[in-house]
Protein chains: 2
Amino acid sequence: MSADPAIRRDIPDATVARLPEYLRALSDVADRGISSVSSEELAQAAGVRSTQLRKDLSHLGSYGIRGVGYEVEHLALEISRALGLTQDWPVAIVGMGNLGRALAAYSGFATGGFHVAAVFDEDAALAGALVADLPISPMTDLALLVRERGITIGVIATPAASAQSVCNALVEAGVRSLLNFAPLVLVVPDDVDVRRVDLSTELHVLAFHEQRKSLPPELGVAR
Amino acid sequence: MSADPAIRRDIPDATVARLPEYLRALSDVADRGISSVSSEELAQAAGVRSTQLRKDLSHLGSYGIRGVGYEVEHLALEISRALGLTQDWPVAIVGMGNLGRALAAYSGFATGGFHVAAVFDEDAALAGALVADLPISPMTDLALLVRERGITIGVIATPAASAQSVCNALVEAGVRSLLNFAPLVLVVPDDVDVRRVDLSTELHVLAFHEQRKSLPPELGVAR
DNA sequence: GCAACTTTGTGCCCGCGTTCACAAACGCTT
DNA sequence: AAGCGTTTGTGAACGCGGGCACAAAGTTGC
Ligand SMILES: NC(=O)c1ccc[n+]([C@@H]2O[C@H](COP(=O)([O-])OP(=O)(O)OC[C@H]3O[C@@H](n4cnc5c(N)ncnc54)[C@H](O)[C@@H]3O)[C@@H](O)[C@H]2O)c1
Ligand SMILES: NC(=O)c1ccc[n+]([C@@H]2O[C@H](COP(=O)([O-])OP(=O)(O)OC[C@H]3O[C@@H](n4cnc5c(N)ncnc54)[C@H](O)[C@@H]3O)[C@@H](O)[C@H]2O)c1
């Protein structure tokens, strides 16, 4: 048996997806000078049920005090450790168009060990221009800079037509985690993780529900 | 009984979330001049299993031809109808900072009935400036323009500190579907839908998996 | 017109995740 | 020190969604 307080093996994906929100909620209450929270309070701040929060946290270990709650700073540290935010994560962003620039300038980026380590664009006219204190590098420097700066996470903010080739270049350079903003499904080796953020999808889902709201009469049966 | 070919009641949320991707995949094959696809081909383009695709589509009705496949244009139309994309969806964007401008300029926005009908910012210095051919309106005009232009979907691209009050203003004006880019959980009435897009969350999840990749030795038991 | 082949649509089962219910643990009060 | 109220942590029940297997239905070839 193990005397190690932290077991944290096999954290369910659904739980992992919620941990960042707990972290943000904890940061909120910490800003209000509060040093201890109950699962009920924290759950409300994170938009989930308290049972869900407790079950999620139970996967990382037992960091609460019964009859009291959770010590804010300690819990935040444990969640950060579980997510791997205690280490540095240099990120590369490819595609310095409207979206890419906004992302590079995004201050929320700098939370939890992340920082923009390099930005790329194939447009020669942009090469050298500064974006958030970083010069835009040409694609030919990608492999070199990725290795030199230990970049492990790549963000794709190019048009869909270029996204797959950019993806290939990043993977080739050794990047195994990708955040894709282009509207297409990337083909990658098994050991590469891709997460996609798609505005259109979100709007479509909203439209679906909105449509349902406006026609409630014909709900029970076929018309 | 009903002779209506389209029943489409009770479409599971998980299916709704994938329909936009099917639509995009269909648009891709249509661009290649193909008029008929099998579930296998389409599923591959959408990054899912063919059984999943067929099960999803079965919730909208029976639009395939056994032994042949799906007629591209027809299926696209049916999915569009199910999602409610055959009607017009005027969208308001609040917060014309880095992200808001990128969103307003985003061409992919204009697919499937969506179009930016108004953009807002509280900064008086920005009032009247053009973003994607639209003048930035002051927040005092929000209720009026929302009603005048039939806006039903709102996008929040302000800092977190302002997001809840902006949300309240939108809901007060009658908007019942929101897309929130600010990193916080909005409090809304039950009949309002909120979807959140959060860059940090995505990065955190990537970091978690990336961390797991780099320490595979200690997988079986506690160290 | 029939047989062989192809592809869709769906009933069924299984696994994951959420919620419920409750016991265990802790602080506080007396 | 003992009892009480509070809150955590977790086993168990339940419901949803994904994948398998197969029947239904249509096409093509002869
Ligand atoms: N703008 C948005 O709000 C928004 C929202 C959601 C998704 N997206 C998606 O994000 C992507 C970028 O959007 P955008 O509005 O910034 O587009 P954009 O046209 O403004 O910028 C694209 C940039 O990528 C660069 N680029 C093109 N091909 C490249 C390549 N092979 N290698 C490196 N750089 C390359 C271009 O030079 C350009 O600077 C698109 O796929 C778009 O669909 C954008
Ligand atoms: N930039 C990104 O890539 C990015 C990525 C993810 C999330 N976000 C989030 O999106 C939001 C906007 O980011 P940004 O980089 O564009 O910030 P920004 O500071 O560039 O822009 C914010 C804009 O909102 C306006 N604003 C502030 N309060 C307002 C109010 N009460 N009513 C109307 N307008 C108001 C400001 O005048 C400003 O123009 C933030 O919450 C940020 O966390 C940004």
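Side chains included, hydrogens not; waters and symmetry mates left out as well; all remaining heavy atoms used. Here is the naming used below: chain letters follow the sequence lines, and residue numbers restart at 1 for every chain. If you're wondering where the values come from, they're calculated on a predicted model, not measured in any experiment.
Among residue pairs with one or both ends in residues 189-208 of chain B, those qualifying as ring pair (Phe, Tyr, Trp, His ring centres under 6.0 Å) are F114(A)-H204(B); sequence neighbours excluded.
The overall bend of the helix from dG1(C)-dC30(D) to dT30(C)-dA1(D), read as the angle between its terminal helix axes built from five base pairs each, is 10° when rounded to 10 degrees.
Under the 3.5 Å distance criterion, the side-chain polar atoms of S80(A) are matched with a main-chain donor or acceptor of A76(A). Remark: side-chain polar atoms of W89(A) are not paired, donor with acceptor, to backbone N or O of I151(A) under 3.5 angstrom. The closest donor-acceptor contact from the side chain of H74(B) to the backbone of Y70(B) lies at 3.5 Å or more, if one exists at all.
More than 12 non-hydrogen atoms from other residues, nucleotides or ligands lie less than 6.0 angstrom from CD of Q52(B). Heavy atoms from other residues, nucleotides or ligands lying under 6.0 Å from CD of Q87(B) number more than 12. Dense packing is recorded around CZ of R196(A), with more than 12 heavy atoms of other residues, nucleotides or ligands lying under 6.0 Å away.
The side chain to side chain contact (heavy atoms under 4.5 Å, CB included) check on P12(B) picks up T15(B), H59(B), with sequence neighbours excluded.
A side-chain donor from one of Y22(A) and D56(A) sits under 3.5 Å from a side-chain acceptor of the other. Between the side chains of E71(B) and S36(B), no donor-acceptor pair is found at a separation under 3.5 Å. Counting only N and O atoms by type, the side chains of S39(A) and R54(A) include a donor and acceptor under 3.5 Å apart. Under the 3.5 Å distance criterion, with hydrogens and angles disregarded, no donor-acceptor pair is assigned to the side chains of E210(B) and T152(A).
Across residues 41-48 of chain B, not one residue has a non-hydrogen atom less than 4.0 Å from an atom of DNA chain D.
The distance between atom CD1 of I65(A) and atom C1' of dC26(C), rounded to the nearest whole Å, is 9 Å. Note: CG (L60(B)) to C1' (dT10(C)) measures 15 Å, nearest angstrom.
Nearest-nucleotide mapping onto DNA chain C: of V68(A) and Y70(B), the residue sitting toward the 5' end is Y70(B).
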Quiz item: Going 5' to 3' along nucleotides 11-23 of chain C, which nucleotides have protein heavy atoms under 4.0 Å from the base (write B), which only from the sugar-phosphate (write S), and which from neither (write -)?
Solution: BB----SSB----

Quiz prompt | Pair E21(B)-R24(B), salt bridge (charged side-chain N to carboxylate O under 4.0 Å, His left out): steps then yes or no | solution = CA-CA 5 Å; E21(B) 190 59 36; R24(B) 194 201 52 75; 2.6 Å; yes

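Here chain A contacts DNA chain D (any atom closer than 4.0 Å to a heavy atom, that is under 4.0 Å), and the contacts span dT6(D) to dA12(D) from 5' to 3'.
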